[in-house]
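Just so we're on the same page: letters track the sequence lines, and every chain starts at 1. Reckoned from all heavy atoms, side chains included, excluding hydrogens, waters and symmetry mates. Note that the structure is a prediction, hence the values are computed from the model and not measured.
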Amino acid sequence: MALYSEKVMDHFRNPRNVGVIEDANGIGEVGNAKCGDIMKMYLKVEDDIIKDVKFETFGCGSAIASSSMATEMIKGQPLSEAMKLTNKAVAEALDGLPDYKMHCSVLAEEAIKSAIEDYEKRKEA
Amino acid sequence: MIYADNAATTKMSEAAVNTMVSVMTENYGNPSSLYTFGQRAREILEKAREDIALAIGATPKEIYFTSGGSESDNQAIRSAAEIGRLKGKKHIISTAFEHHAVLHTLEKLEKEGFEVTLLPVHENGLVVTSELEAAIREDTCLVTVMYANNEIGTIQPIKEIGKICREKNVLFHTDAVQAMGHIPVNVVTDDVDMLSASAHKFHGPKGVGFLYVKKGIRLTNIIEGGAQERGKRAGTENVAGIAAAAVALKEAVSKLSVYGETVTKKRDRLIAGLSEIPHSALNGDKDLRLPGNVNFCFEGIEGESLLLLLDDKGIQASSGSACTSGSLDPSHVLLAIGRVHDVAHGSLRLTIDESTSDEDVEYIIKSVKETVEYLRSFSPVWRNLVEGKAKFIL
């Protein structure tokens with residue numbers, strides 16, 4: 001039995017939306033203090049729609065795959081929809097993650113929420 | 001495929017496989033049966049015991065067959081603890097980077113009232129003998145120090161430790177699982193009282209190991225039952241596996257010097273090649289290490305991703321990253337030599353052997369370089385380091 005589903009391996013081997021958005025207007029960085037994984041999300045929001053999203057991740061295969069899948073799921077979505085993204089939905093979209101890797105999908109959810117909060121904070125300011 | 005995880009397990013040698021098959025098909029009797037067919041199995045068993053004893057400088061009666069390294073470690077430590085308990089000596093000395101078969105047994109003994117001192121292994125992954133000597137007390141019943149570390153391959157000063165223990169009259173056990181068949185081991189010249197070994201680490205089968213116990217030391221049973229292994233380890237002997245283990249060890253020992261020389265050369269080329277990767281560091285002493293062991297930390301990346309991508313390139317290796325352990329903590333060995341969590345995550349262990357060609361070595365170097373560079377290209381940790389927001393450690 002393989003460690004990860006084919007979908008996880010696909011997103012790990014060919015991660016979507018990797019990199020940096022130079023003129024991002026929302027950036028979120030979160031880390032799991034225990035396992036050490038770190039995720040950074042860059043958003044380009046226009047009219048409350050996520051026009052572009054990119055990520056950088058330091059972490060294992062499932063952390064990279066979770067980042068990739070999460071960015072795919074929120075790209076082009078209104079912020080209100082993106083805020084509803086759950087780690088469970090990310091894991092399900094990847095055809096599941098091993099139990100002890102579920103925290104990687106949590107990190108993806110948190111990174112997106114953190115980036116959206118940053119965007120909203122900047123907007124207020 | 002380039003198999004570079006020989007510290008995890010090795011490919012069985014052809015002679016060992018043939019021996020195993022022949023015993024299983026032609027001499028499958030039970031050594032405890034009195035008829036000729038059973039006694040033939042008994043002869044095979046005792047011949048294997050003689051061969052193994054000879055290979056490590058012991059006598060046949062000092063060899064006890066077990067299921068492997070973990071069982072041997074458990075029984076050796078339990079036995080020494082029992083001997084100590086009877087004398088009111090309940091202090092044990094070991095090191096911070098032993099195999100879990102040792103560390104977890106010691107943790108259990110602590111709960112039973114024993115006191116355990118774990119010696120530091122310093123940045124180079126080596127025990128300092130003067131520190132060991134200073135740690136020995138009136139009530140010390142056992143010193144257990146591994147021959148060579150399973151992750152970083154550092155070879156401990158076993159002979160010196162043996163001498164100190166002999167002078168201080170303290171039992172000395174060594175977990176030689178990684179050393180056996182890879183470097184010369186001799187229980188007499190090393191002054192070892194007990195030694196654990198596992199066949200699948202020296203091209204023998206899995207599920208077979210042995211424990212050397214110097215004559216006169218009383219063993220405590222871990223497995224109760226029949227009178228096999230002179231009443232010290234119950235259960236019908238794995239004759240085929242034991243015979244194959246003996247063949248494999250004899251073979252490995254007979255070519256030790258050639259193995260040492262050729263594999264060390266390849267190892268050093270690997271170390272030199274991987275050292276070219278910026279912000280990387282070799283783990284463990286450069287010279288006092290097993291011939292086939294290379295262990296590196298690469299800053300800014302995580303080990304599991306590295307392993308998966310190397311696997312895609314046909315290279316099998318291992319890592320001390322938390323993500324590969326199923327737990328959230330990185331390798332206790334890397335932490336013991338002072339690597340901080342972030343850096344320990346980006347570790348890679350390559351354990352090669354004589355079947356690794358020079359081309360394989362170059363391919364590994366090229367592949368690791370490319371993969372580390374790729375993973376760093378989208379690592380926020382690496383970005384922070386490069387942009388000066390965090391300080392490089394390596």
Side-chain angles (χ1 to χ4, degrees), chain A residues 2-6 8-22 24 27-42 53-68 71 97-108 110-111 114-115, chain B residues 279 297-314 316-331 334-335 339-348 367 370-387 389-390 392-393:
Chain A
L3 175 64
Y4 293 129
S5 71
E6 287 201 14
V8 171
M9 286 310 291
D10 174 39
H11 276 262
F12 166 66
R13 289 185 179 120
N14 311 293
R16 282 66 147 174
N17 310 309
V18 175
V20 180
I21 300 175
E22 291 300 343
I27 297 174
E29 182 173 330
V30 294
N32 183 319
K34 272 190 175 167
C35 81
D37 285 1
I38 292 172
M39 253 178 231
K40 196 167 181 179
M41 290 277 175
Y42 300 84
V53 50
K54 289 216 184 304
F55 79 89
E56 291 182 307
T57 291
F58 166 95
C60 57
S62 60
I64 291 170
S66 295
S67 320
S68 168
T71 57
L97 287 172
D99 282 349
Y100 66 100
K101 295 283 188 180
M102 280 305 283
H103 66 272
C104 299
S105 61
V106 174
L107 218 50
E110 287 174 354
S114 159
Chain B
H279 304 287
C297 277
F298 304 107
E299 209 163 359
I301 62 148
E302 188 282 322
E304 190 206 85
S305 305
L306 179 59
L307 292 193
L308 291 171
L309 292 172
L310 288 177
D311 187 19
D312 280 352
K313 291 175 192 281
Q316 274 80 53
S318 123
S319 169
S321 155
C323 303
T324 61
S325 67
S327 78
L328 288 170
D329 290 314
S331 141
L334 296 177
L335 297 179
R339 296 288 185 221
V340 296
H341 273 65
D342 283 13
V343 169
H345 277 305
S347 81
L348 175 70
S367 302
E370 283 170 5
T371 311
V372 168
E373 196 176 327
Y374 165 71
L375 287 171
R376 279 175 173 173
S377 75
F378 62 93
S379 159
V381 174
W382 182 249
R383 172 177 297 281
N384 281 343
L385 291 165
V386 171
E387 290 177 354
K389 288 174 191 152
F392 283 109
I393 297 167

So for [X], is it side chain, backbone, both, or neither that comes closer than 4.5 Å to the heavy atoms of chain A?
X	result
B:Leu309	both
B:Asn384	side chain
B:Arg383	side chain

From B:Asp312 atom CG to A:Met9 atom CE, the distance as rounded to the nearest 0.5 Å: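 Result: 5.0 Å between the selected atoms.
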Apply the side chain to side chain contact (heavy atoms under 4.5 Å, CB included) test between B:Pro380 and each candidate in A:Met39, A:Lys40, A:Met41; give the one that qualifies.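 Per the side chain to side chain contact (heavy atoms under 4.5 Å, CB included) rule, the option paired with B:Pro380 is A:Lys40, out of A:Met39, A:Lys40, A:Met41.
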With a 6.0 Å cut-off (strictly less than), is the heavy-atom count around CD of B:Glu370, excluding the residue itself, greater than 12?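 Enclosed.
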Look at atom CD of B:Glu387 and say whether more than 12 heavy atoms of other residues, nucleotides or ligands are closer to it than 6.0 Å.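 Atom CD in B:Glu387 is crowded, with more than 12 foreign heavy atoms closer than 6.0 Å.
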Contact check, side chains of B:Asp342 and A:Phe58, non-hydrogen atoms, under 4.5 Å: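 A side-chain contact under 4.5 Å is absent here.
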Only counting residues at least two apart or in another chain, list the ones meeting ring pair (Phe, Tyr, Trp, His ring centres under 6.0 Å) with B:Phe392.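 By the ring pair (Phe, Tyr, Trp, His ring centres under 6.0 Å) rule, B:Phe392 matches B:His279, B:Trp382.
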Shortest non-hydrogen contact from A:Gly61 to B:Ser305?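 So the minimum-distance heavy-atom pair works out to N-OG, 3.7 Å.
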A:Phe12 and B:Tyr374: which non-hydrogen atoms are nearest, and at how many Å?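 Closest pair (atom of A:Phe12, atom of B:Tyr374, distance): O-OH, 4.4 Å.
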Does any heavy atom of chain B fall under 4.5 Å from the side chain of A:Ile64, the backbone, both, or neither of them?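 Contact with chain B: side chain only.
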Go through it in stages, so that I can follow the logic: the residues are A:Lys101 and B:Glu304, the test is salt bridge (Lys or Arg N to Asp or Glu O under 4.0 Å), and I'd like the CA-CA distance, side-chain angles, deciding distance and then a yes or no. CA-CA 12 Å; A:Lys101 295 283 188 180; B:Glu304 190 206 85; 2.7 Å; yes
